[in-house]
Amino acid sequence: MPELPEVEVVRRGLARWVTGARVVDVEVLHPRPVRRHEPGAADFAARLSGRTVTDVVRRGKFLWLALDSGEALMAHLGMSGQLVLQPRDAADERHLRVRLGLELPDGSDGPSRSDRSGERQERELRFVDQRMFGGLWVSPLVPTPDGLPAGAGGLGDVAAPGGGTPSEPLVPPAVVHIARDVLDPAFDVVGFAARLRTRRTGLKRALLDQTLVSGIGNIYADEALWRSRLHYARRTRTLPRSATLGLLGHVRDVMVAALGEGGTSFDSLYVDVNGSSGYFDRSLAVYGQEGRPCPRCGALVRRDAFMNRSSFTCPRCQPTPRTAHW
DNA sequence: ATTACCGCCTGCTGGC
DNA sequence: TGCCAGCAGGCGGTAA
């Protein structure tokens, strides 16, 4: 499933290749992925046709293409979504849901192709999604409540200080309640620590709460907790501030490491959600490793049912707290 | 207001 | 061989 680093890799690819592109046609092949566009598929297509992409922005796992109309094409990859840039004559993918015909800006011939110059190159931006948890919709943009840039935008490496171009202080309403993520320069570590202490819940529930910090899914939650030697049911209220800061550092480290792998694995926008991209081949200490030895101490990794999902822990490094908060 | 849980989706896997 | 339960899980909606 696409996690934050994969979404950021997609964002960078889009920023590079489709900034300045103009939408020439739109085809919705399945209604479900545009369900969040309430006026319907025809209106969705009409609002995109003829528009030019001015920026590509991400907050958490929400991604959007800012348009010269002042609106934005929103995208969420959900569990199995992909955004791929293809030649117009490429065969349809099995789970192709939406197709946007694009005219690339002058001087760009798109990824992995260098054919004749002099005329604008056409490509298709395709939304492919097997399970359709994700989707596309067109949305207005509203000012960010804090007046700061919306998230990761422009070209460059947001994880590197000074890298990237600040995005405009505009967000889609659907994203206003989504917290910034740990790769966002405007992420407020101190504010997060303070809010965590007011919560009456367990640590992993808090990490997965997108209104506290965004972009953390099941995999990164488990990996960061393992690195921090913390159990998922540890009460947030009892966590010392230093441990909170350490945990956030581990979240950032594991994401930046994945970003480094993912960012060098693709020369197109294709991200293989089934894991053969090299991204998921990265070593996971505990996630999905039930019954295998903990890389740190050798105890066998345990799998617990948690929130209708799974949590993987090392029973020795991450003992169950005596006062657990499930 | 805060917290917890359900259901949406499809394809693959394993047990019988 | 076929059938079906279980599983993957982010997020919006809703109940308590």
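Numbered from 1 within each chain, the chains take letters A, B, ... in sequence-line order.
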Quiz item: H177(A) NE2 to dC11(C) P: how many Å, rounded?
Solution: 8 Å
Quiz prompt | Separation of dT10(B) P from M132(A) CE (nearest whole Å) | solution = 4 Å
Exercise. State whether W64(A) and R59(A) meet the cation-pi test: NZ (Lys) or CZ (Arg) under 6.0 Å from the six-membered ring centroid, and within 45° of the perpendicular axis.
Key: no
Quiz prompt | Closest to the Q210(A) side chain, choosing from dA8(C), dG11(B), dC11(C) | solution = dC11(C)
Practice problem: Grab the CG-C1' distance between N218(A) and dA8(C) for me, whole Å please. | Solution: 10 Å
Practice problem: Give a yes or no on whether R252(A) atom CZ has more than 12 heavy-atom contacts from other residues, nucleotides or ligands under 6.0 Å away. | Solution: yes
Practice problem: Write out all pairs satisfying side-chain hydrogen bond (donor to acceptor under 3.5 Å, both in side chains) with one or both partners inside residues 47-56 of chain A, taking only residues at least two apart or from two chains. | Solution: D43(A)-R47(A), R47(A)-E71(A)
Self-check item: Proximity to the side chain of R36(A) - top-ranked nucleotide from dG10(C), dG12(C), dT10(B)
Solution: dG12(C)
Quiz item: Would you call R99(A)-D92(A) a salt bridge at under 4.0 Å N-O?
Solution: yes
Quiz item: Is the phosphate of dT10(B), meaning OP1 or OP2, less than 4.0 Å from a side-chain N or O of R94(A)?
Solution: no
Self-check item: F312(A): partners by ring pair (Phe, Tyr, Trp, His ring centres under 6.0 Å), with sequence neighbours left out
Solution: Y287(A)
Practice problem: Considering just the side-chain nitrogens and oxygens of H76(A), establish if one lies under 4.0 Å of OP1 or OP2 belonging to dG10(C). | Solution: no
Quiz item: What is the distance from CD of E290(A) to P of dC7(C), rounded to the nearest Å?
Solution: 11 Å
Practice problem: Indicate, with a heavy-atom threshold strictly under 4.0 Å, whether G78(A) touches base, sugar-phosphate, or nothing. | Solution: nothing
Quiz item: Taking atom P of dA8(C) as reference, at what distance in whole Å does atom CG of D304(A) sit?
Solution: 12 Å
Quiz item: Do Y232(A) and D222(A) have side-chain atoms, one donor and one acceptor, less than 3.5 Å apart?
Solution: no
Quiz item: Looking at dC11(C), dG11(B), dA8(C), which one has an atom nearest to any side-chain atom of Q130(A)?
Solution: dG11(B)
Got a list of protein N/O to nucleotides 3-7 of chain B N/O distances below 3.5 Å?
{"unit_1": "dT3(B)", "atom_1": "OP1", "unit_2": "R200(A)", "atom_2": "N", "d": "2.7"}
{"unit_1": "dT3(B)", "atom_1": "OP2", "unit_2": "R199(A)", "atom_2": "NE", "d": "2.9"}
{"unit_1": "dT3(B)", "atom_1": "OP2", "unit_2": "R199(A)", "atom_2": "NH1", "d": "3.1"}
{"unit_1": "dA4(B)", "atom_1": "OP2", "unit_2": "T201(A)", "atom_2": "OG1", "d": "2.8"}
{"unit_1": "dC5(B)", "atom_1": "OP2", "unit_2": "R205(A)", "atom_2": "NH2", "d": "3.1"}
{"unit_1": "dC6(B)", "atom_1": "OP2", "unit_2": "N308(A)", "atom_2": "ND2", "d": "3.0"}

Exercise. Would you please classify the geometry between the W137(A) ring and the F62(A) ring as parallel, tilted or perpendicular, with 30° and 60° separating the classes?
Key: perpendicular
Exercise. Kindly say if S310(A) contacts the phosphate of dA8(C), meaning a side-chain N or O under 4.0 Å from OP1 or OP2.
Key: yes
Quiz item: Given atom CZ of F312(A) and atom P of dA8(C), what is their separation to the nearest angstrom?
Solution: 6 Å
Practice problem: Report the distance from atom CG of D222(A) to atom P of dG10(C), rounded to the nearest whole Å. | Solution: 10 Å
Quiz item: Which of these passes side-chain hydrogen bond (donor to acceptor under 3.5 Å, both in side chains) with K204(A): N218(A), T313(A), T236(A), D209(A)?
Solution: N218(A)
Quiz prompt | Spacing of M79(A) atom CE relative to dG12(C) atom C1', expressed in whole Å | solution = 16 Å
Quiz item: For F62(A), which contact category applies under a 4.0 Å heavy-atom criterion: base, sugar-phosphate, or nothing?
Solution: sugar-phosphate
Quiz item: Base, sugar-phosphate alone, or nothing: which one does H30(A) contact when heavy atoms must sit under 4.0 Å apart?
Solution: nothing
Exercise. Specify the residue among R131(A) and I178(A) whose closest nucleotide of DNA chain C lies further upstream toward the 5′ end.
Key: R131(A)
